[in-house]
Amino acid sequence: MKTSGRAIMKGLSAAAMLLLVIPALGGGQSYAQGNNRTFPETGKTVQGQFLTYWEQNGGLAQQGFPISNEIQERSDTDGRTYTVQYFERAVFEMHPELGNKVLLSLLGNFLYKQKYPSGAPSQQPNNAAGSAYYAETGHRVGGKFQAYWQSHGGLAQQGFPISDEFQERSSLDGKTYVVQYFERAVFEYHPENAGTAYEVLLSQLGKFRYDQKYAGSNPPAPPAGGNPPPAPPAPPAGGAATACGNLPKNINAVSDKNQIRAGDSIRFAAGGFTPAEPMSFWFTLPTGDVVGTARPLTQSDLEYADEDVNPNGDGILGPVTFRTTAEFAQVPGVWAITFHGAYSNAEAVAYFCLTR
(Lines give C-alpha, C1' and ligand atoms only; values in the text may rest on other atoms or scores of the structure.)
Protein backbone atom coordinates (compact mmCIF):
# COMPACT_ATOMS: atom_id res chain seq x y z
CA MET A 1 0.00 0.00 0.00
CA LYS A 2 1.34 3.44 -0.90
CA THR A 3 2.20 5.62 2.08
CA SER A 4 1.27 9.30 1.74
CA GLY A 5 3.70 12.05 2.56
CA ARG A 6 1.23 13.44 5.08
CA ALA A 7 1.06 10.16 6.96
CA ILE A 8 4.82 9.87 7.02
CA MET A 9 5.37 13.42 8.16
CA LYS A 10 2.78 13.12 10.91
CA GLY A 11 5.24 10.86 12.65
CA LEU A 12 8.31 12.79 11.57
CA SER A 13 7.17 16.34 12.36
CA ALA A 14 8.12 16.16 16.03
CA ALA A 15 11.49 14.70 15.11
CA ALA A 16 12.04 17.44 12.57
CA MET A 17 11.47 20.11 15.19
CA LEU A 18 13.98 18.50 17.55
CA LEU A 19 16.63 17.91 14.93
CA LEU A 20 17.21 21.56 14.16
CA VAL A 21 20.50 22.62 15.73
CA ILE A 22 20.99 26.36 16.14
CA PRO A 23 24.50 27.61 16.99
CA ALA A 24 24.75 30.17 19.77
CA LEU A 25 24.15 33.67 18.42
CA GLY A 26 24.80 35.36 21.74
CA GLY A 27 22.78 36.68 24.63
CA GLY A 28 19.91 34.16 24.65
CA GLN A 29 18.51 32.79 27.86
CA SER A 30 17.18 29.27 28.36
CA TYR A 31 14.49 28.29 30.82
CA ALA A 32 13.57 25.18 32.75
CA GLN A 33 10.85 23.14 31.11
CA GLY A 34 7.48 22.86 32.82
CA ASN A 35 7.49 26.40 34.23
CA ASN A 36 5.27 28.05 31.66
CA ARG A 37 1.71 29.21 31.12
CA THR A 38 -0.10 29.90 27.88
CA PHE A 39 -2.85 32.53 27.89
CA PRO A 40 -5.63 31.63 25.42
CA GLU A 41 -6.86 35.25 25.53
CA THR A 42 -3.80 36.34 23.54
CA GLY A 43 -2.20 33.03 22.52
CA LYS A 44 1.10 34.00 24.20
CA THR A 45 3.20 31.92 26.59
CA VAL A 46 5.00 33.24 29.66
CA GLN A 47 7.75 31.11 31.15
CA GLY A 48 10.65 30.94 33.56
CA GLN A 49 11.57 34.04 35.52
CA PHE A 50 9.15 36.21 33.56
CA LEU A 51 6.28 34.01 34.76
CA THR A 52 7.59 34.08 38.32
CA TYR A 53 7.82 37.88 38.24
CA TRP A 54 4.33 38.17 36.74
CA GLU A 55 2.84 35.94 39.44
CA GLN A 56 4.67 37.68 42.30
CA ASN A 57 4.01 41.24 41.16
CA GLY A 58 0.28 41.61 40.72
CA GLY A 59 -0.37 39.20 37.86
CA LEU A 60 -3.20 40.09 35.53
CA ALA A 61 -4.52 43.07 37.46
CA GLN A 62 -1.18 44.89 37.53
CA GLN A 63 0.74 43.59 34.51
CA GLY A 64 -2.04 42.60 32.10
CA PHE A 65 -2.03 39.76 29.60
CA PRO A 66 1.12 38.96 27.59
CA ILE A 67 0.86 40.46 24.10
CA SER A 68 4.10 39.05 22.67
CA ASN A 69 6.34 36.07 23.10
CA GLU A 70 9.92 36.59 24.25
CA ILE A 71 12.00 38.57 21.77
CA GLN A 72 15.45 40.10 21.59
CA GLU A 73 15.22 43.89 21.61
CA ARG A 74 17.76 46.69 21.69
CA SER A 75 17.15 49.01 24.63
CA ASP A 76 16.45 52.69 23.96
CA THR A 77 18.05 53.41 27.34
CA ASP A 78 21.51 51.84 27.16
CA GLY A 79 21.75 50.41 23.64
CA ARG A 80 22.16 46.84 24.90
CA THR A 81 20.11 43.93 23.63
CA TYR A 82 17.94 42.13 26.18
CA THR A 83 15.43 39.29 26.22
CA VAL A 84 12.09 41.08 26.68
CA GLN A 85 8.40 40.25 26.71
CA TYR A 86 5.55 42.70 26.22
CA PHE A 87 2.52 42.76 28.49
CA GLU A 88 -0.44 45.12 28.34
CA ARG A 89 0.88 47.30 31.17
CA ALA A 90 4.64 46.68 31.11
CA VAL A 91 7.63 45.27 29.28
CA PHE A 92 9.70 42.74 31.20
CA GLU A 93 13.48 42.83 30.64
CA MET A 94 15.90 40.07 31.61
CA HIS A 95 19.15 41.56 32.93
CA PRO A 96 21.98 38.98 32.95
CA GLU A 97 24.39 41.55 34.42
CA LEU A 98 22.15 41.53 37.53
CA GLY A 99 21.98 37.76 37.80
CA ASN A 100 19.06 37.48 35.36
CA LYS A 101 16.94 39.82 37.43
CA VAL A 102 13.71 40.93 35.81
CA LEU A 103 13.21 44.69 35.48
CA LEU A 104 10.58 46.75 33.76
CA SER A 105 11.58 48.79 30.71
CA LEU A 106 11.73 52.56 31.17
CA LEU A 107 8.39 53.02 29.41
CA GLY A 108 7.26 55.80 31.70
CA ASN A 109 10.35 57.84 30.97
CA PHE A 110 9.96 57.30 27.22
CA LEU A 111 6.25 58.18 27.10
CA TYR A 112 6.55 61.20 29.38
CA LYS A 113 9.23 62.79 27.21
CA GLN A 114 7.18 62.04 24.11
CA LYS A 115 3.89 63.46 25.45
CA TYR A 116 5.20 66.27 27.67
CA PRO A 117 8.57 67.51 26.40
CA SER A 118 8.14 70.63 28.53
CA GLY A 119 6.63 68.80 31.50
CA ALA A 120 2.99 67.92 32.22
CA PRO A 121 0.74 70.88 33.12
CA SER A 122 -1.04 71.45 36.45
CA GLN A 123 1.04 69.03 38.50
CA GLN A 124 0.41 68.85 42.23
CA PRO A 125 2.89 67.22 44.65
CA ASN A 126 1.29 64.86 47.14
CA ASN A 127 2.18 66.25 50.56
CA ALA A 128 0.27 63.67 52.59
CA ALA A 129 1.79 62.60 55.90
CA GLY A 130 4.70 60.25 55.29
CA SER A 131 5.18 61.30 51.67
CA ALA A 132 8.72 61.17 50.30
CA TYR A 133 10.64 63.70 48.23
CA TYR A 134 13.22 62.44 45.71
CA ALA A 135 15.97 64.95 45.11
CA GLU A 136 17.23 62.87 42.16
CA THR A 137 14.24 64.01 40.09
CA GLY A 138 12.69 66.75 42.22
CA HIS A 139 9.32 65.05 42.70
CA ARG A 140 7.32 63.72 45.64
CA VAL A 141 5.34 60.50 46.12
CA GLY A 142 2.61 60.13 48.73
CA GLY A 143 -0.72 58.54 49.58
CA LYS A 144 -2.03 55.61 47.56
CA PHE A 145 0.72 55.91 44.97
CA GLN A 146 3.41 55.77 47.62
CA ALA A 147 1.84 52.67 49.18
CA TYR A 148 1.73 50.97 45.78
CA TRP A 149 5.30 52.01 44.94
CA GLN A 150 6.60 50.61 48.23
CA SER A 151 4.69 47.31 47.93
CA HIS A 152 5.50 46.65 44.29
CA GLY A 153 9.26 46.74 44.01
CA GLY A 154 9.99 50.38 44.78
CA LEU A 155 12.94 51.96 43.05
CA ALA A 156 14.30 48.80 41.42
CA GLN A 157 11.05 47.96 39.64
CA GLN A 158 9.19 51.27 39.27
CA GLY A 159 12.02 53.78 39.14
CA PHE A 160 12.08 57.33 40.47
CA PRO A 161 9.06 59.61 40.05
CA ILE A 162 9.51 61.85 37.01
CA SER A 163 6.37 63.92 37.58
CA ASP A 164 4.06 64.90 40.40
CA GLU A 165 0.38 63.97 40.29
CA PHE A 166 -1.84 65.44 37.59
CA GLN A 167 -5.00 64.61 35.67
CA GLU A 168 -4.77 62.83 32.32
CA ARG A 169 -7.38 61.52 29.91
CA SER A 170 -6.93 57.80 29.27
CA SER A 171 -6.47 56.78 25.64
CA LEU A 172 -7.93 53.40 26.62
CA ASP A 173 -11.39 54.32 27.95
CA GLY A 174 -11.54 58.08 27.48
CA LYS A 175 -11.94 58.75 31.22
CA THR A 176 -9.80 61.18 33.19
CA TYR A 177 -7.69 59.81 36.05
CA VAL A 178 -5.17 61.16 38.53
CA VAL A 179 -1.82 59.80 37.34
CA GLN A 180 1.84 60.01 38.22
CA TYR A 181 4.71 59.10 35.93
CA PHE A 182 7.66 57.02 37.07
CA GLU A 183 10.69 55.93 35.08
CA ARG A 184 9.27 52.46 34.46
CA ALA A 185 5.50 52.94 34.82
CA VAL A 186 2.54 55.28 35.01
CA PHE A 187 0.34 54.92 38.10
CA GLU A 188 -3.41 55.50 37.66
CA TYR A 189 -5.79 56.07 40.57
CA HIS A 190 -9.13 54.33 39.99
CA PRO A 191 -11.72 55.61 42.50
CA GLU A 192 -14.25 53.07 41.19
CA ASN A 193 -12.00 50.40 42.72
CA ALA A 194 -11.62 52.15 46.10
CA GLY A 195 -10.97 49.76 48.95
CA THR A 196 -9.78 46.95 46.67
CA ALA A 197 -6.37 45.77 45.51
CA TYR A 198 -7.07 47.45 42.17
CA GLU A 199 -7.33 51.02 43.43
CA VAL A 200 -3.98 51.79 41.77
CA LEU A 201 -3.35 50.31 38.35
CA LEU A 202 -0.58 50.71 35.82
CA SER A 203 -1.40 52.38 32.51
CA GLN A 204 -1.26 50.09 29.49
CA LEU A 205 2.18 51.30 28.50
CA GLY A 206 3.20 47.90 27.16
CA LYS A 207 0.36 47.80 24.66
CA PHE A 208 0.94 51.42 23.67
CA ARG A 209 4.63 50.85 23.04
CA TYR A 210 4.12 47.50 21.30
CA ASP A 211 1.53 48.96 18.92
CA GLN A 212 3.78 51.95 18.30
CA LYS A 213 6.84 49.82 17.45
CA TYR A 214 5.26 46.85 15.75
CA ALA A 215 1.84 47.95 14.47
CA GLY A 216 1.04 46.23 11.20
CA SER A 217 3.94 43.81 11.57
CA ASN A 218 2.88 41.61 14.47
CA PRO A 219 3.53 37.87 14.22
CA PRO A 220 0.87 36.36 11.94
CA ALA A 221 -1.83 34.32 13.64
CA PRO A 222 -1.85 30.59 12.88
CA PRO A 223 -4.40 29.56 10.25
CA ALA A 224 -7.67 28.07 11.51
CA GLY A 225 -7.31 24.50 12.64
CA GLY A 226 -3.67 24.94 13.64
CA ASN A 227 -2.31 24.01 10.22
CA PRO A 228 1.11 25.24 9.07
CA PRO A 229 1.33 28.40 6.94
CA PRO A 230 0.84 28.20 3.16
CA ALA A 231 3.48 26.38 1.17
CA PRO A 232 6.19 28.13 -0.86
CA PRO A 233 6.23 27.75 -4.65
CA ALA A 234 5.80 24.09 -5.53
CA PRO A 235 8.87 22.12 -6.69
CA PRO A 236 8.94 20.98 -10.31
CA ALA A 237 6.65 18.11 -11.19
CA GLY A 238 8.07 14.71 -11.98
CA GLY A 239 10.02 11.96 -10.26
CA ALA A 240 12.98 12.43 -7.97
CA ALA A 241 15.58 12.02 -10.69
CA THR A 242 13.95 14.60 -12.97
CA ALA A 243 13.30 17.08 -10.18
CA CYS A 244 16.82 16.83 -8.82
CA GLY A 245 18.19 17.92 -12.15
CA ASN A 246 16.04 21.05 -12.15
CA LEU A 247 15.98 22.56 -8.66
CA PRO A 248 14.21 25.93 -8.28
CA LYS A 249 16.41 28.87 -7.42
CA ASN A 250 16.72 29.63 -3.71
CA ILE A 251 15.10 32.82 -2.43
CA ASN A 252 17.21 34.85 0.06
CA ALA A 253 18.81 31.62 1.27
CA VAL A 254 21.90 29.46 0.74
CA SER A 255 22.74 25.87 1.68
CA ASP A 256 25.95 23.86 1.84
CA LYS A 257 24.62 21.26 -0.63
CA ASN A 258 21.64 20.81 -2.92
CA GLN A 259 21.34 17.03 -2.79
CA ILE A 260 21.46 14.69 0.19
CA ARG A 261 20.63 11.10 1.04
CA ALA A 262 18.23 10.15 3.82
CA GLY A 263 20.22 10.21 7.05
CA ASP A 264 22.48 13.06 5.97
CA SER A 265 22.53 16.63 7.28
CA ILE A 266 22.20 19.90 5.41
CA ARG A 267 22.98 23.44 6.58
CA PHE A 268 21.05 26.57 5.68
CA ALA A 269 21.51 30.30 6.12
CA ALA A 270 18.91 32.93 5.25
CA GLY A 271 18.79 36.72 5.19
CA GLY A 272 16.57 39.73 4.78
CA PHE A 273 14.98 39.62 8.24
CA THR A 274 14.55 42.19 10.99
CA PRO A 275 17.36 41.74 13.53
CA ALA A 276 16.35 39.53 16.47
CA GLU A 277 12.76 38.89 15.31
CA PRO A 278 11.11 35.55 16.18
CA MET A 279 11.06 33.01 13.37
CA SER A 280 8.85 30.18 12.16
CA PHE A 281 9.70 27.60 9.53
CA TRP A 282 8.09 24.82 7.57
CA PHE A 283 8.98 22.15 5.02
CA THR A 284 7.21 21.48 1.73
CA LEU A 285 7.48 17.84 0.63
CA PRO A 286 7.60 16.53 -2.95
CA THR A 287 4.02 15.37 -2.34
CA GLY A 288 2.92 18.96 -1.70
CA ASP A 289 2.31 18.29 2.00
CA VAL A 290 3.51 20.95 4.45
CA VAL A 291 4.87 20.41 7.95
CA GLY A 292 6.36 22.90 10.38
CA THR A 293 5.45 25.65 12.79
CA ALA A 294 2.58 28.08 12.41
CA ARG A 295 4.05 30.26 15.17
CA PRO A 296 7.49 31.57 16.15
CA LEU A 297 9.64 28.84 17.65
CA THR A 298 10.30 28.77 21.37
CA GLN A 299 13.02 27.16 23.40
CA SER A 300 10.82 24.16 24.18
CA ASP A 301 10.68 23.32 20.46
CA LEU A 302 14.41 22.71 20.31
CA GLU A 303 16.40 19.95 21.93
CA TYR A 304 19.93 21.25 21.57
CA ALA A 305 19.54 24.96 20.91
CA ASP A 306 21.31 27.54 23.05
CA GLU A 307 18.60 30.09 22.36
CA ASP A 308 15.44 30.72 20.40
CA VAL A 309 15.47 30.68 16.61
CA ASN A 310 16.28 34.32 15.94
CA PRO A 311 18.35 35.98 13.26
CA ASN A 312 21.40 37.73 14.64
CA GLY A 313 22.16 41.42 14.73
CA ASP A 314 22.40 41.86 10.97
CA GLY A 315 19.12 40.10 10.14
CA ILE A 316 20.78 36.86 8.98
CA LEU A 317 19.58 33.51 10.31
CA GLY A 318 21.89 30.56 10.68
CA PRO A 319 23.61 28.54 9.80
CA VAL A 320 20.89 26.06 10.73
CA THR A 321 21.61 22.32 10.55
CA PHE A 322 18.77 19.98 9.62
CA ARG A 323 19.37 16.27 10.21
CA THR A 324 17.25 13.80 8.30
CA THR A 325 16.64 10.18 9.32
CA ALA A 326 16.37 6.97 7.31
CA GLU A 327 12.58 7.31 7.36
CA PHE A 328 12.81 10.35 5.12
CA ALA A 329 13.75 8.00 2.26
CA GLN A 330 10.03 7.26 1.96
CA VAL A 331 9.54 10.75 0.50
CA PRO A 332 12.30 11.27 -2.09
CA GLY A 333 12.38 14.25 -4.42
CA VAL A 334 12.63 18.03 -4.11
CA TRP A 335 12.03 19.46 -0.65
CA ALA A 336 11.78 23.13 0.31
CA ILE A 337 12.37 24.78 3.67
CA THR A 338 10.82 28.21 4.25
CA PHE A 339 11.81 30.62 7.02
CA HIS A 340 9.35 33.36 7.99
CA GLY A 341 10.07 36.52 10.02
CA ALA A 342 7.36 37.32 12.57
CA TYR A 343 7.69 41.12 12.37
CA SER A 344 9.01 41.74 8.88
CA ASN A 345 6.90 39.00 7.22
CA ALA A 346 9.99 38.37 5.10
CA GLU A 347 10.51 34.83 3.81
CA ALA A 348 13.50 32.87 2.59
CA VAL A 349 13.21 29.55 0.75
CA ALA A 350 15.90 26.93 0.11
CA TYR A 351 15.41 23.83 -2.06
CA PHE A 352 17.23 20.51 -1.86
CA CYS A 353 16.84 17.06 -3.35
CA LEU A 354 16.45 14.09 -1.01
CA THR A 355 17.31 10.67 -2.43
CA ARG A 356 16.92 7.17 -1.08
Trainee: Check whether S255 reaches the backbone of K257 with its side chain - one donor and one acceptor, N or O, closer than 3.5 Å.
Mentor: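 Yes; judged by distance alone, with no hydrogens or angles, the pair exists.
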Trainee: Does a side-chain heavy-atom distance below 4.5 Å link L51 with R37?
Mentor: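 Yes. Closest side-chain heavy atoms under 4.5 Å.
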Trainee: Kindly compute the distance separating CD (E55) from CG (L60), expressed to the nearest 0.5 Å.
Mentor: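 Output value for this atom pair is 12.0 Å.
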Trainee: Using 0.5 Å steps for rounding, measure from the CD atom of E199 to the CD atom of E192.
Mentor: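 One finds 9.5 Å between CD of E199 and CD of E192.
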Trainee: Flag the pair M94 / Y82 as yes when at least one side-chain heavy-atom distance between them is below 4.5 Å, and no otherwise.
Mentor: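 No - every pair of side-chain heavy atoms lies 4.5 Å or more apart.
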Trainee: Mind listing the closest non-hydrogen atom pair of P96 and N100 along with its distance?
Mentor: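 The answer is CA-OD1, 3.2 Å.
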Trainee: Are Q114 and F110 side-chain neighbours, meaning at least one heavy-atom pair lies under 4.5 Å?
Mentor: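 Of all side-chain heavy-atom pairs linking F110 with Q114, at least one is under 4.5 Å.
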Trainee: For F160, does its backbone N or O pair with a side-chain atom of E183 as donor and acceptor, under 3.5 Å?
Mentor: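 At least one qualifying donor-acceptor pair exists.
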Trainee: Honestly curious: do F92 and L103 fall in one hydrophobic cluster under the side-chain, below-4.5 Å linking rule?
Mentor: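 No.
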Trainee: Is it true that S163 and Q180 share a donor-acceptor pair across their side chains at a distance under 3.5 Å?
Mentor: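 The answer is no; no qualifying pair exists.
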Trainee: Is there a side chain to side chain contact (heavy atoms under 4.5 Å, CB included) between W149 and L155 once you walk through the steps?
Mentor: CA-CA 8 Å; W149 189 88; L155 179 61; 3.9 Å; yes
Trainee: Within the 4.5 Å heavy-atom criterion, are T355 and Q259 side-chain neighbours or not?
Mentor: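 Of all side-chain heavy-atom pairs linking Q259 with T355, at least one is under 4.5 Å.
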Trainee: Checking side-chain hydrogen bond (donor to acceptor under 3.5 Å, both in side chains) for the pair T83/Q72: CA distance, chi angles, key distance, verdict?
Mentor: CA-CA 5 Å; T83 299; Q72 297 289 305; 2.6 Å; yes
Trainee: Indicate if V254 and F352 have the same hydrophobic cluster label, given that clusters are the connected sets of ILVMFWY residues with side-chain heavy-atom separations under 4.5 angstrom.
Mentor: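 No; tracing contacts between hydrophobic side chains, which count when under 4.5 Å, never links both residues.
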Trainee: I'd like to know if the side chain of D256 and the backbone of R267 have a donor-acceptor N/O pair within less than 3.5 Å.
Mentor: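 Checking the backbone N and O of R267 against the side chain of D256, a donor-acceptor pair under 3.5 Å is found.
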Trainee: Determine yes or no for a side-chain-to-main-chain donor-acceptor pair under 3.5 angstrom, with N252 supplying the side chain and V349 the backbone.
Mentor: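 No: the side chain of N252 does not pair with the backbone of V349.
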Trainee: To the nearest 0.5 Å, what is the distance between CG on N250 and CG on N258?
Mentor: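 The CG atom of N258 is 8.5 Å from CG of N250, to the nearest 0.5 Å.
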Trainee: Rounded to the nearest 0.5 Å, what separation is found between the NE2 atom of H152 and the CG atom of L104?
Mentor: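 Those atoms lie 11.0 Å apart.
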Trainee: V179 and L205: same hydrophobic cluster, using ILVMFWY side-chain contacts below 4.5 Å?
Mentor: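 Looking at the clustering, L205 is in the same group as V179.
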Trainee: May I ask you to test the E168-Y116 pair for a side-chain heavy-atom distance under 4.5 Å?
Mentor: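 Yes - at least one pair of side-chain heavy atoms lies under 4.5 Å apart.
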Trainee: Looking at Y134, I'd like to know if the NZ or CZ of R140 sits under 6.0 Å from its six-membered ring centre while staying within 45 degrees of the ring's axis.
Mentor: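 No, R140 does not lie over the aromatic ring of Y134.
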Trainee: What's the shortest heavy-atom distance between A253 and A350, and which atoms?
Mentor: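 Where A253 meets A350 most closely, the heavy atoms are CB-CB, 4.0 Å.
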Trainee: Out of curiosity, does V84 fall in the hydrophobic cluster containing L111 (side-chain heavy atoms, cut-off under 4.5 Å, transitive links)?
Mentor: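 Yes, it is one cluster - the side chains of L111 and V84 are joined through contacts under 4.5 Å.
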Trainee: Verify, without hydrogens or angle tests, whether D264 (side chain) and I260 (backbone) share a donor-acceptor contact under 3.5 angstrom.
Mentor: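 No, the answer is negative, given that no donor and acceptor are paired below the 3.5 Å cut-off.
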Trainee: Roughly how far, to the nearest 0.5 Å, is the OG atom of S122 from the CZ atom of F166?
Mentor: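 OG of S122 is found 9.5 Å from CZ of F166.
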Trainee: Nearest heavy-atom pair of Y133 and G138: which atoms, and what distance?
Mentor: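 Smallest heavy-atom distance, with atoms named: OH-CA, 3.4 Å.
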Trainee: May I ask you to check whether F182 and Y148 place their ring centers less than 6.0 Å from one another?
Mentor: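 No, they do not, as the ring centres are separated by 6.0 Å or more.
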Trainee: Let's go through N36 and F50 carefully: what are the C-alpha distance in whole Å and the side-chain angles of both, what is the deciding distance for side chain to side chain contact (heavy atoms under 4.5 Å, CB included) to 0.1 Å, and is it a yes or a no?
Mentor: CA-CA 9 Å; N36 63 77; F50 283 167; over 6 Å; no
Trainee: With rounding to the nearest 0.5 angstrom, report the CD to CD distance, Q167 to Q124.
Mentor: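 Separation between the atoms: 10.0 Å.
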Trainee: Decide yes or no for L247 and V334: does some side-chain heavy atom of the first lie under 4.5 Å from some side-chain heavy atom of the second?
Mentor: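 L247 vs V334: side chains touch.
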Trainee: Over 60° means perpendicular and under 30° means parallel, so tell me whether Y181 and Y112 are parallel, tilted or perpendicular.
Mentor: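 Because their plane-to-plane angle lies in the 30° to 60° range, the rings of Y181 and Y112 count as tilted.
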Trainee: Quick one: does W54's side chain have a donor or acceptor within less than 3.5 Å of a partner on G64's backbone?
Mentor: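 It does hold such a pair.
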Trainee: State, yes or no, whether a side-chain contact exists between I337 and W335 at a heavy-atom distance under 4.5 Å.
Mentor: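 The answer is no; the side chains never approach within 4.5 Å.
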Trainee: Do E93 and Q85 have side chains that get closer than 4.5 Å, going by heavy atoms?
Mentor: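 When only atoms from C-beta onward are counted, Q85 and E93 do not touch, as no gap falls below 4.5 Å.
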Trainee: For Q49 and V102, indicate whether the former's side chain and the latter's backbone hold a donor-acceptor pair under 3.5 Å.
Mentor: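 Not at all, since once roles are kept as given, no pair shorter than 3.5 Å links the two residues.
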Trainee: Would you mind telling me which of E70, K44, E73 makes a side-chain hydrogen bond (donor to acceptor under 3.5 Å, both in side chains) with Y86?
Mentor: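 For Y86, the side-chain hydrogen bond (donor to acceptor under 3.5 Å, both in side chains) test succeeds with only one of E70, K44, E73, which is E73.
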Trainee: Please name the pair of heavy atoms, one in A185 and one in L202, separated by the smallest distance, quoted to 0.1 Å.
Mentor: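 That would be CB-CD2, 4.0 Å.
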Trainee: Do L107 and I162 belong together in a cluster built from hydrophobic side chains that touch within less than 4.5 Å?
Mentor: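 Shared cluster, yes.
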Trainee: Backbone N or O of H190 within a donor-acceptor pair of the N193 side chain at under 3.5 Å?
Mentor: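 No, the answer is negative, given that no donor and acceptor are paired below the 3.5 Å cut-off.
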Trainee: For the pair F187 and F145, name the ring-plane relationship: parallel under 30°, tilted 30 to 60°, perpendicular over 60°.
Mentor: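 Geometry flag for F145 against F187: perpendicular rings.
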Trainee: Would you check, one step at a time, whether the test side chain to side chain contact (heavy atoms under 4.5 Å, CB included) holds for R89 with K207?
Mentor: CA-CA 7 Å; R89 302 182 188 278; K207 186 178 186 305; over 6 Å; no
Trainee: Quick one: does any side-chain atom of R169 pair with a main-chain N or O of T176 as donor and acceptor, under 3.5 Å?
Mentor: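 No: the side chain of R169 does not pair with the backbone of T176.
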